Amino acid sequence: MTSLSKQSSTDLRRATRFSVDFETICEFHPNREIRVRIANISAHGMMLADPLDMEKGARIIVRLPVAGRIEAYLVWSHQGRCGLEFERVIREPDFVAMLDNINSL
């Protein structure tokens, strides 16, 4: 089995993504917060339906139910959407509970 640290960005991109429509808060440094809408999410990252005024590689902290505050960095941005990769993988039980929480709202 390939270790996570040896997986390429393409391998991580193939992770199952779930369509959601969830509003949350992203924290920027220093002390700046914005509301964003998550369009899809996986255990490895998410796509926002809102543009972010950030450079590729810039980091934010996103607030997620169950998973809590998780650091992510901007991988791509195109036509008002952007993709972020989480610094850590959300464990499967937490990810399932998070999806249940998001879908019940």
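Worth saying up front: this structure is predicted, and the values here are computed from it rather than measured.
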Is the shortest heavy-atom distance from the side chain of Val96 to the side chain of Val66 under 4.5 Å? no

To the nearest 0.5 Å, atom CD of Glu33 lies from atom CD1 of Ile60 at 11.5 Å

Using distance only, find each side-chain donor-acceptor pair of residues 49-56 under 3.5 Å and give its atom names and separation, not counting sequence neighbours.
unit_1	atom_1	unit_2	atom_2	d
Asp50	OD2	Arg37	N	2.5

Would you call Glu23 and Arg63 a salt bridge, taking side-chain N to carboxylate O under 4.0 Å as the test? no

So CZ of Phe28 and CD1 of Ile34: to nearest 0.5 Å the spacing works out to 4.0 Å

Spacing of Arg17 atom CZ and Met47 atom CE [to the nearest 0.5 Å]: 8.5 Å

Are Ile61 and Met98 in one and the same hydrophobic cluster, where Ile, Leu, Val, Met, Phe, Trp and Tyr link if side-chain heavy atoms are under 4.5 Å apart? no

Is the shortest side-chain heavy-atom distance between Asn101 and Leu64 below 4.5 Å? no

With rounding to the nearest 0.5 angstrom, report the SG to CH2 distance, Cys82 to Trp76. 7.0 Å

Decide yes or no on side-chain contact (heavy atoms from CB on, under 4.5 Å) for Leu84 and Val62, but give the supporting numbers first. CA-CA 10 Å; Leu84 295 113; Val62 61; over 6 Å; no

With sequence neighbours excluded, what pairs up with Arg32 under the salt bridge (Lys or Arg N to Asp or Glu O under 4.0 Å) test? none

Got a donor-acceptor contact below 3.5 angstrom from the Asn103 side chain to the Leu99 backbone? yes

With the 4.5 Å side-chain cut-off for hydrophobic clustering, are Ile102 and Ile25 part of the same group? no

With side chains defined as the heavy atoms from C-beta onward, is the minimum distance between Glu71 and Phe86 less than 4.5 Å? no

So, taking the atom named CG in Asp21 and the one named CG in Asn40, what distance separates them when rounded to the nearest 0.5 Å? 11.5 Å

Does Ile70 reach the side chain of Arg88, with side-chain heavy atoms less than 4.5 Å apart? yes

With rounding to the nearest 0.5 angstrom, report the OG1 to NE2 distance, Thr16 to His44. 8.5 Å

